[in-house]
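Below is the structure I would like to discuss, written out as structure tokens.
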Amino acid sequence: MVKVTLKDGSVREYSEGVTLAEVASSISGRLGKEALVGRLDGKLVDLTTPIKKDAAVEFYTFDSEEGRQTFRHSTSHVLAQAVQKLFPGTKLAIGPAIADGFYYDFDASEKFTPEMLGKIEAEMEAIIKADLPFERMDMERESSLEFFDRAGESYKVELINDLPVDAAISCYRQGDFTDLCAGPHVPSTGRLKSVKLTSLAGAYWRGSEKNKMLQRVYGTSFPKKSLLEEHLTRIEEAKKRDHRRLGAELELFTIQEEGPGFPFFHPKGMVLRNELEKFWKEVHRKRGYHEIRTPIILNRALWERSGHWDHYRDNMYFTKIDELDYAVKPMNCPGGILVYKSRLHSYRDLPIRMAELGLVHRHELSGALHGLMRVRCFTQDDAHIYMLPGQIKEEIMGVIDLVDYIYKVFGFKYKVELSTKPEKAMGSDEIWEMATSALEDALNTMGMEYKVNEGDGAFYGPKIDFHLEDCLGRTWQCGTIQLDLQMPELFELTYVGEDGQKHRPVMIHRTVFGSMERFIGILTEHFAGAFPVWLAPVQARVLPITGRHVEYAQKVMDRLDAEDIRVELDDRNEKVNYKIREAQGQKIPYMLVLGDREAENGAVAVRHRSAGDIGSMGLEEFIARIKDEIKTRKI
RNA sequence: GCUGGUGUGGCUCAGUGGUAGAGCAGCGCAUUCGUAAUGCGCAGGCCGCCGGUUCAAAUCCGGCCACCAGCUCCA
């Protein structure tokens, strides 16, 4: 007999060799049906695993991350089986579960087309219907190599060869299909129920553009058809929040063929942008930043000195002035450094926080452009902090706090990543080590959760990145804090210390919004275009019911205008329903419906874009209300 | 940059070799209306660009450009 301890702490006895699936069924019929995978003494395992000694056991259904991952991963095996059946000779690369589904990379002689996805799906459904059990096979390294080599699965051979010598190697088989896989899997293909292949894309083997491009098939799966449908509807809804679509509908910005990656900001987009800048300037002034502005085009020699010529040239634009070489700035730091160097600094002046809303240009790959999220010119809300080595931690913590403060004003949740030394880096390992641990130290002291991104740092130093989500859950780097031990050396920056001697300051580069463009993109999707009143391009629209109310409406509008409230008058000869419909479409926060009743007693009938009709109130009362919302930046 | 897809009035889309269409938006006229679409009428298109095939091309072929998804890269 074995003693099995369940999640709730209760202990049950079973005969030795009982499987997890049997335990689950004995707890409840429903758990037996819904459990997908289990945990045995802390290790995620198949439900078919026998329990041979006393152990702690947990079960996961589709409601848990573990359950969903296993479910999608198993579906990817079914996809691979279907593809190999339909297209014999197709080689398999990898097929993991991802956030909302799974993918599998194939090296196939025929080109997959969208029409073929339907056929593959049908084949998958047949495999699911056949309810083939997933069988685990633990293998010796040699025999696994032999097996995949004979099958012509060269990618699998490469994967096995790259596994550590002592790594356990396992395969999973369903029917006549076998794949290299650590597992675990659901018990059988019949559990997979509802499958949808969603898209087709190229993907480099092992993510390197030096390797062959494989064909990646994306899909998702659910244990019930209704869940799949819900998921697809959710994605359709999310697409309506796409900033590219809303940007056009709300007349915020456009991107034209004449300037791919170079956005045009329209009047309404500029209002939003200016409000953001106003807020940003206010907060930075309060936190001891001084604003500067540096030129967009600077001499090539500067870029050679900064290292950009060697490390960043591919992303830069160049020009000639009077036969001399110049570059369009891809970063603000070298210019900012020249401002620092223009005079002598005492240790008493440090830290010096110099901020710049700087327009930078970068040659991004054409295929990487994406609305306002990735463009070829953007305004960074940059700042460079020059400080004593002893001030590093405090300054970094100050920036982290600032980012947190500003993101909270918009109600953003964010993720933090720490990026370490890349391949193309300047400076010694020791310097990188020191800089990286300074960033880590600050994060740990502040109790921040973060993920480490090995090799993702800037060429001059490691960085802390702040990532925000778009409408489809894709994340974009916005804020960043980069500790730079290179530029101060390269530009021979100094301050005069207590001892009267010159010393080297430490420098950090940082942004909060990241780029005004990207931030506006994120903001638009986050609020689905319904910006908080303080940011809304139009804060109120006055809607006279008939022509005879226009005069009063004009008065109301003038009064609001005098209070610096952004207001429009809709005096078109249309029904009020029509005017409301349009104002709603423009996501204008307040609509003031004005008829005889309002004109008589100086009132406004207020409609809020999300709360609807909130009744009539005195004009002054409404002004007090909206002004309070603006002042407190209510979201 | 790479893989796949898409490109027709301001917007959403129909049109697969034979004289370019619809709805919405716009403009005009009528309607003067109380919380999400009043009616009638009128305009508007080098069918992304360049070249080829054909008696004839939005439609077939080639090249280029842009966009979309993903890869790579990144604020």
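Bear in mind that the values here come from a model prediction, so they are computed numbers and not experimental data. To find a chain, count down the sequence lines: A is the first, B the second, and so on, and within it residues start at 1.
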Inset, instruction - Would you indicate what A:Lys111 reaches in the nucleic acid, counting non-hydrogen atoms under 4.0 angstrom: base, sugar-phosphate, or nothing? - result: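 Touches sugar-phosphate only.
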Inset, instruction - Measure centre to centre between the rings of A:Phe519 and A:Phe410, then say whether the value is under 6.0 Å. - result: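 When the ring centroids of A:Phe519 and A:Phe410 are compared, they turn out to be within the sub-6.0 Å range.
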Legend entry - Touch class at under 4.0 angstrom, heavy-atom based, for A:Ala583 against every strand present: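 Result for A:Ala583 = nothing.
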Inset, instruction - Using a heavy-atom cut-off of under 4.0 Å over every strand shown, decide if A:Gly612 touches base, sugar-phosphate, or nothing. - result: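 Here A:Gly612 touches no strand at all.
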Legend entry - Polar pair under 3.5 Å, donor/acceptor by atom type, side chain A:Glu598, base B:G34: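 Indeed, a donor on one side and an acceptor on the other fall under 3.5 Å apart.
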Inset, instruction - Name the nucleic acid region contacted by A:Val576, choosing base, sugar-phosphate or nothing; use a 4.0 angstrom heavy-atom cut-off, strictly under. - result: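 A:Val576: backbone/sugar contact only, no base atoms under 4.0 Å.
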Inset, instruction - Take the protein atom CZ of A:Arg244 and the nucleotide atom P of B:C67, then report the distance between them rounded to whole Å. - result: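 The answer, rounded to whole Å, is 10 Å.
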Legend entry - B:C49 and B:A66, which share atom name C1', separated by this distance in whole Å: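 Per the computed distance, 10 Å lies between those C1' atoms.
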Inset, instruction - Look at the side-chain N and O atoms of A:Arg245 and state whether any lies under 4.0 Å from the OP1 or OP2 oxygen of B:C11. - result: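 No.
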Legend entry - Nearest-nucleotide 5' precedence on RNA chain B, A:Gly615 against A:Cys478: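 The residue mapped nearer the 5' terminus is A:Gly615.
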Legend entry - Base B:C74 paired with A:Arg362 side chain (donor-acceptor, <3.5 Å):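 Under the 3.5 Å cut-off, the side chain and the base do not form any donor-acceptor pair.
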Legend entry - Check: A:Tyr218 side chain, B:G4 base, donor-acceptor under 3.5 Å: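 Counting by modelled atom types and ignoring angles, no donor-acceptor contact under 3.5 Å is found here.
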Legend entry - Main-chain N/O of A:Val195 paired with A:Ser221 side-chain donor or acceptor, under 3.5 Å: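 Checked: no pair found.
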Inset, instruction - Compare side-chain N and O positions of A:Lys463 against OP1 and OP2 of B:A75 and report whether any pair is under 4.0 Å apart. - result: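 For A:Lys463, the contact criterion (side-chain N or O under 4.0 Å from OP1 or OP2 of B:A75) is met.
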Inset, instruction - Quick one: label A:Met373 by what it contacts on the DNA or RNA (base, sugar-phosphate, nothing), any heavy atom closer than 4.0 Å. - result: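 Since a base atom lies under 4.0 Å of A:Met373, the category is base.
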Inset, instruction - Compute the centroid of each ring, for A:His370 and then for A:Trp476, and state whether the two points are separated by less than 6.0 Å. - result: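 Ring-ring flag for A:His370/A:Trp476: true, centres closer than 6.0 Å.
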Inset, instruction - Would you kindly give the CD-to-C1' distance between A:Glu249 and B:A25, to the nearest whole Å? - result: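 Value for this atom pair: 12 Å.
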Legend entry - OP1 or OP2 of B:A69 under 4.0 Å from side-chain N/O of A:His370: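 So the side-chain polar atoms of A:His370 do come within 4.0 Å of the phosphate oxygens OP1 or OP2 of B:A69, strictly under.
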Inset, instruction - Looking at every strand, decide which applies to A:Gln380 at a 4.0 Å heavy-atom threshold: base, sugar-phosphate, or nothing. - result: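 Sugar-phosphate contact only - A:Gln380 comes under 4.0 Å of backbone atoms but never of a base.
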Inset, instruction - Inspect the contact between A:Glu237 and A:Lys240 and indicate whether a charged nitrogen and a carboxylate oxygen are less than 4.0 angstrom apart. - result: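 Answer for the salt bridge query: yes.
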Inset, instruction - Report yes if a donor N or O on one partner sits less than 3.5 Å from an acceptor N or O on the other, where the partners are the side chain of A:Arg607 and the base of B:A36; otherwise report no. - result: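 Answer is yes: a donor-acceptor pair is held.
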Legend entry - Base of B:C71 paired with side chain of A:Arg206 (donor-acceptor, under 3.5 Å):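 Between B:C71 and A:Arg206, which were checked side chain against base, a qualifying N/O pair under 3.5 Å is absent.
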Legend entry - Protein-nucleotide distance (A:Arg609, atom CZ; B:A36, atom P), rounded to Å: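 So the two atoms are 17 Å apart, to the nearest Å.
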Inset, instruction - Looking at every strand, decide which applies to A:Ser366 at a 4.0 Å heavy-atom threshold: base, sugar-phosphate, or nothing. - result: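 Contact class for A:Ser366: base.
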Legend entry - A:His361 ring center near A:Phe378 ring center (under 6.0 Å):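 Ring centres of A:Phe378 and A:His361 not closer than 6.0 Å.
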Inset, instruction - Mind telling me whether A:Phe279 and A:Phe513 have parallel, tilted or perpendicular rings, with 30° and 60° as the class edges? - result: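 Because their plane-to-plane angle lies in the 30° to 60° range, the rings of A:Phe513 and A:Phe279 count as tilted.
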Inset, instruction - Examine B:A25: is either OP1 or OP2 under 4.0 Å from a nitrogen or oxygen in the side chain of A:Tyr578? Give yes or no. - result: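 Yes, A:Tyr578 has a side-chain N/O under 4.0 Å of OP1/OP2 on B:A25.
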Legend entry - Whole angstrom value for the distance that separates P of B:A75 from CZ of A:Arg510: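 For the pair A:Arg510 CZ and B:A75 P, the rounded distance is 15 Å.
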Legend entry - Whole-Å gap separating P (B:G10) and CG (A:Leu250):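 My rounded result for the distance is 20 Å.
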Legend entry - B:C42 to B:U54 separation - C1' atoms, rounded to the nearest Å: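 Nearest-Å result for B:C42 against B:U54 at atom C1': 38 Å.
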Inset, instruction - In whole angstrom, give the distance that lies between atom OH of A:Tyr552 and atom P of B:G34. - result: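 Spelled out: OH on A:Tyr552 to P on B:G34 is 18 Å.
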